[in-house]
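Please read the structure below before turning to the comments.
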Amino acid sequence: MSNHTTVSTFLLWGFSSFPDLRGLLFVMIFFSHGIILTANVSIMVAVKLSHNLHTPMYFFLCGLSFSETCSTMAIIPRMLVDLLSDSKTISLPECATQMFVFFGLAANNCFIMAAMSYDRYTAIHKPLHYPILMTHKICFQFITASWMVGFLVSLGIVIVVFSLSFCDSNIIQHFFCDISPVVSLACDYTSRHEMVIFGLSAFVLVGSCVFIVMSYVFIVSTVVKMPSAKGRYKAFSTCSSHLTVVCIHYGFAGFVYLRPKDRDSFCEDMLMAVTYTVLTPLLNPIVYSLRNKEMQTALRKVLGKTGSSLRG
């Protein structure tokens, strides 16, 4: 970090503009976080214990659930503490660490969803070669690459952001160390810095999104050629959950990180951030469990075993 940084701590202003809602927000976010943890852990346990779910699609889903759980742990516990506390200070190293972890995990989520789209493309477009193209080793390599590239991109963003000089103010108009509210406090933030950050963000969001769209173009072109209506329905149904989650994730993330920024948009961005830090991780397991009969069956078995062990 730069030696000429004059600010050593930040103030996460967050929801301080809504003092009357702090209690309600705490209760809502606390219970949402509990549901997120329970739902994602249930999916991971169900995939682990159900042999019929030991397939590439559920392996990636398990990886996504784990990553989503970690990303919420990087933001929500601190948010809950700040809602109840009058002191909302965060040191510069803590702020940098939070940004690094959150954006590394967020980028990892994008790359895992891209890997999931490739898995669906391979299963539908090349079903005879699927066992060869999507071995356990290859799936593990996809997950490893997602984590490595995600955190490398995040490291690049953090280096750019925290090489700046912070001397105007230390009040971050957000509930966590997001990029735009932090760089807005810098004295020497230029268009060059903005382009680098935008390029890294676009690499993750646009790059993975283009890959997903291309995969689904090939999937649709293959499915529409199927002679059986039942076969077409089955093929599309295996993709529906993933496509729903992709639309939710990229819709909110793209709105916040790929549009032009100004100081007047911070409040709007903060409200949107609640959506992708709380609502999206909450919806992901719900979408996969509601729209997937195999997952529903596995979850019922896991919950049944848990209930039996508790009664025993």
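The figures here come from the full heavy-atom set of this structure, side chains too, leaving out hydrogens, waters and symmetry mates.
- Between the NE2 atom in H136 and the CD atom in Q141 there is a gap of 10.5 Å [rounded to 0.5 Å].
- Scanning both residues, V224 and S221, for their nearest heavy atoms gives CG2-O, 3.4 Å.
- You'll find the side chain of V182 reaches within 4.5 Å of the side chain of F166, heavy atoms only.
- Closest approach of I90 and R78 over heavy atoms only: CB-NH2, 3.8 Å.
- Side chains of V246 and H249 form no contact here, defined as non-hydrogen atoms less than 4.5 Å apart.
- With 3.5 Å as the limit, one finds no donor-acceptor pair spanning the side chains of Y58 and S50.
- Residue D82 comes nearest to R22 through the heavy atom pair O-NH2, 4.3 Å, listed as atom of the first residue, atom of the second, then distance.
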Quick one: do M214 and Y121 satisfy side chain to side chain contact (heavy atoms under 4.5 Å, CB included)? Show the steps, please. CA-CA 9 Å; M214 289 175 62; Y121 157 76; over 6 Å; no
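- The closest side-chain heavy-atom distance from F10 to S91 is not below 4.5 Å.
- Using a distance-only test at 3.5 Å, with no hydrogens or angles considered, a donor-acceptor pair links the side chain of K88 to the main chain of S85.
- One hydrophobic cluster, built from ILVMFWY side chains closer than 4.5 Å, holds both V210 and F218.
- Side chains of L61 and S65 form a contact here, defined as non-hydrogen atoms less than 4.5 Å apart.
- The closest side-chain heavy-atom distance from C95 to I172 is below 4.5 Å.
- Proximity of L84 to F26: side-chain heavy atoms (C-beta onward) are separated by under 4.5 Å at one or more points.
- Here the shortest heavy-atom pairing between A46 and L53 reads O-CD1, 3.8 Å.
- In terms of hydrophobic clustering, with Ile, Leu, Val, Met, Phe, Trp and Tyr side chains grouped at heavy-atom distances under 4.5 Å, V213 and F111 are assigned to different clusters.
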Are S208 and Y250 close enough, and set up right, to give a side chain to side chain contact (heavy atoms under 4.5 Å, CB included), and what steps lead you there? CA-CA 10 Å; S208 59; Y250 282 90; 2.6 Å; yes
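- L37 and M79 end up in different hydrophobic clusters when Ile, Leu, Val, Met, Phe, Trp and Tyr side chains are linked at under 4.5 Å.
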Please assess R120 against L243 for the test side chain to side chain contact (heavy atoms under 4.5 Å, CB included), listing each intermediate value before the final yes or no. CA-CA 11 Å; R120 291 299 82 208; L243 199 54; over 6 Å; no
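- In terms of modelled atom types and a separation under 3.5 Å, the side chain of S67 and the main chain of G63 share no donor-acceptor contact.
- Under a 3.5 Å cut-off, the side chain of T135 and the backbone N or O of I132 do not form any donor-acceptor pair.
- Note that CE of M73 and CZ of F102 are 14.0 Å apart. Values are rounded to the nearest 0.5 Å.
- For the 3.5 Å distance criterion, the side chains of N284 and E68 qualify, holding a donor opposite an acceptor.
- Between Y216 and H242, the ring centre distance stays below 6.0 Å.
- Side-chain contact between F60 and M134 is present, with at least one heavy-atom pair separated by less than 4.5 Å.
- Residues L64 and M116 share a closest heavy-atom pair of CD2-SD, 4.2 Å.
- Closest heavy-atom contact between I157 and S201: CD1-OG, 4.2 Å.
- H193 places a side-chain N or O within 3.5 Å of a backbone atom of T190 that can act as its donor or acceptor partner.
- Heavy atoms of other residues, nucleotides or ligands lying less than 6.0 angstrom from CZ of F151 number more than 12.
- Residue L155 holds its CG atom at 4.0 Å from CD1 of I159, rounded to the nearest 0.5 Å.
- With a 4.5 Å cut-off on side-chain heavy atoms, F66 and M44 count as touching.
- The salt bridge (charged side-chain N to carboxylate O under 4.0 Å, His left out) check on D178 picks up nothing, with sequence neighbours excluded.
- Less than 6.0 angstrom separates the ring centroid of F142 from the ring centroid of Y118.
- With rounding to the nearest 0.5 angstrom, the CG atom of L11 is 10.5 Å from the CG atom of L185.
- Between F176 and H174, the ring planes lie perpendicular to each other; the angle is over 60°, past the 30° to 60° tilted range.
- Between the N108 side chain and the W147 main chain, a donor and an acceptor come within less than 3.5 Å of each other.
- The backbone N or O of G150 sits nowhere less than 3.5 Å from a side-chain atom of S154 that would complete a donor-acceptor pair.
- Linking ILVMFWY side-chain heavy atoms closer than 4.5 Å, directly or via other members, places I286 and I43 in a single hydrophobic cluster.
- Expressed to the nearest 0.5 Å, how far CG of L12 lies from SG of C177 amounts to 5.0 Å.
- Hydrophobic clustering (side-chain heavy atoms under 4.5 Å, transitive across Ile, Leu, Val, Met, Phe, Trp, Tyr) groups F30 together with I35.
- Listed by chain and residue number, nothing satisfies the ring-ring contact (aromatic ring centres under 6.0 Å, His included) test with F211 (two or more places apart in sequence, or in another chain).
- In this structure, the side-chain contact (heavy atoms from CB on, under 4.5 Å) partners of M226, at least two apart in sequence or on a different chain, are I124, V223, R232, A235.
- Here CD1 of I36 is found 5.5 Å from OG1 of T72. Values are rounded to the nearest 0.5 Å.
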Stepwise side chain to side chain contact (heavy atoms under 4.5 Å, CB included) test for S165 and D188: CA-CA 6 Å; S165 300; D188 51 353; 3.5 Å; yes
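- No donor-acceptor pair under 3.5 Å is formed between the side chain of N40 and the backbone N or O of T69.
- Inspection of the H125 and T222 side chains reveals an N or O donor paired with an N or O acceptor under 3.5 Å.
- In this structure, C209 and C110 have their SG atoms no less than 2.5 Å from one another.
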